[in-house]
Amino acid sequence: VSRPRSTIFSQGQYRPVQLSEGEIDEILELCQGSLRSGRLTSGPLIEEFERSFAAESRMSHAVAVSSGTDALEATLRALDVAGRKVLVPTNTFAATAFAALRAGAELVLVDIDPASLAPSPAQVERALGRVGDIAAFVVVHIGGFIGGEIKELATLCRRHGVAMVEDAAHAHGSLYAGESPGTWSVAAAYSFFATKVMTSAEGGLVVTNDEAVASFVRSYRDQGRDPNDPLINVSLGTNARMSELHAALGLIELRHLPSVLKARRQVAEWYDRALDGLPGAAKLPPVKGCEPNYYKYIVLLDSAEMRSPLREFARSAGLSLPSGVYDVPLHRQPAFRHVDPAESFPFADDFCSRHVALPVGRAMRKSDVEEVCSVLRDFLSDRSQWRRR
Ligand SMILES: Cc1ncc(COP(=O)(O)O)c(C=O)c1O
């Protein structure tokens, strides 16, 4: 396929990290201040980052850590899940499940509702009935979408004495009914890995309204230290601290998050319009009340067999499609082959095998969206393209 490439394709503006020159200057200025002060970790930038993130999320506490995996693990440890079971959707990144295992829990997987990309209350209730002693349920805001039944999930968990935790690694700035992750659960765990909507290069953070969870995570990230006496270690801990330099990056990214979200939502709106009525592929139906950050713009192909040929077709047109969320669900990953081998997960299997993500970036223009859509349209209009392979 020969296609004139737009500048945005050839200049690689779909690269995950998109910092403007202005932002880089702001970050460097904060880093210089930190380097000159000699406070390289656990200093004023961490405090400001945590204060700002909590305020933006309208949550009482934010505790920064060194990764999203640590944020989840520390939260689950705060909930004392060791020796008990933790329920995790099968369509997530391995880190969600590894965090539960590292916190000493036994893993139980649950299927998803394709309408929300998260387990439905009925699916969670069935899992609670199938296996006893579930300490926690981790709901994952996959692709930045907060499912329409988040409040019902919270109510169900409360009724059964199960702690609900949100994996918000994809959901910086995503809202449901105007509220942020953490609002409905015991705590929400964010990742600031380099490809996320907001980054600190590497890093994570827990938001919670629960004072006990916040103080546990603060102590756990810092070798289980007594907050009032750093010479005393009161419980098992680790080093999961975030450095001042990472906090500098996080703080500036947080300041620019509103404009990034605005740009991403505009790109999604252009896609929504351009993909209307496209035969062979469907947009995700909007979830009432959810304002996603479009960490991923997801399209569902009519059949799983179309995906590899589409990716290949796009690549030959100069377009490399972003990775999905996720192509291989946990129950099909070798690392989790021992978990629930008799259980089936048909909805997650179907979603995972048929979806693709389209590029979303803050620097994208309408013409870039149109170009991506025309690659998709060309592929779909010539179905022999994928049947032949
Ligand atoms: C859904 C999900 N959970 C947890 C994580 C873990 O975050 P991190 O890579 O910062 O440890 C990620 C990050 O990739 C993720 O996508």
Side-chain angles (χ1 to χ4, degrees), residues 16-17 46 49 53 62-77 81 86-103 105 107 109-110 112 116-119 136-147 150 164-174 181-182 185 187-207 217 220-221 238-243 245-247 249-250 253-254 292-298 322-333 335-336 348 351-352 355 357 360:
V17 185
I46 290 285
F49 182 44
F53 204 99
V63 187
V65 291
S66 47
S67 72
T69 314
D70 286 327
L72 279 168
E73 182 191 327
T75 301
L76 291 169
R77 281 184 181 273
V81 299
V86 171
L87 191 60
V88 169
T90 188
N91 71 322
T92 185
F93 186 50
T96 318
F98 285 147
L101 293 175
R102 289 177 61 88
L107 192 62
L109 297 175
V110 58
I112 54 156
S116 64
L117 307 184
F137 161 55
V138 185
V139 60
V140 184
H141 303 313
I142 210 81
F145 297 89
I146 301 176
I150 189 73
M164 188 165 97
V165 170
E166 291 166 73
D167 181 338
H170 298 179
H172 319 76
S174 294
S185 61
Y190 286 90
S191 161
F192 302 123
F193 180 63
T195 58
K196 303 299 193 223
V197 169
M198 204 203 111
T199 186
S200 63
E202 294 278 5
L205 180 138
V206 177
V207 287
V217 178
Y220 180 71
R221 73 174 170 186
T238 188
N239 172 9
R241 295 179 298 261
M242 182 187 271
S243 82
L245 303 180
H246 289 85
L249 181 43
E253 285 284 278
L254 182 60
N293 61 4
Y294 293 99
Y295 172 56
K296 299 287 172 177
Y297 186 94
I298 293 169
S323 53
V325 281
Y326 288 86
D327 288 15
V328 184
L330 297 187
H331 66 277
R332 298 198 176 276
Q333 296 283 2
F336 303 106
F351 173 76
C352 292
H355 77 286
V360 179

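Bear in mind that the values here come from a model prediction, so they are computed numbers and not experimental data. Indexing begins at 1, ligand by ligand and atom by atom, following the structure's order.
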Discussion item. Students often mix this up, so state it plainly: with edges at 30° and 60°, are the rings of F53 and F49 parallel, tilted or perpendicular?
Written reply: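 Plane angle over 60°, so perpendicular.
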Worksheet item: Can you name the residues that form a side chain to side chain contact (heavy atoms under 4.5 Å, CB included) with A201, not counting sequence neighbours?
Response: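 In terms of side chain to side chain contact (heavy atoms under 4.5 Å, CB included), with neighbours along the sequence ignored, A201 is linked to H246, L249.
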Under 3.5 Å, is there a donor-acceptor pair between the side chain of [X] and the main chain of [Y]?
X    : Y    : value
T96  : F93  : yes
H170 : F145 : no
T90  : P329 : no
R77  : R102 : yes

Give a table of atom pairs where an N or O of ligand 1 lies under 3.5 Å from a protein N or O.
residue	atom	partner	partner atom	Å
ligand 1	3 (N)	D167	OD1	3.3
ligand 1	3 (N)	D167	OD2	2.7
ligand 1	7 (O)	S191	OG	3.3
ligand 1	10 (O)	G68	N	2.8
ligand 1	10 (O)	S191	OG	2.7
ligand 1	11 (O)	G68	N	3.3
ligand 1	11 (O)	T69	N	2.9
ligand 1	11 (O)	T69	OG1	2.5
ligand 1	14 (O)	K196	NZ	2.9
ligand 1	16 (O)	H170	NE2	2.8
ligand 1	16 (O)	K196	NZ	3.2
ligand 1	16 (O)	Y326	OH	3.0

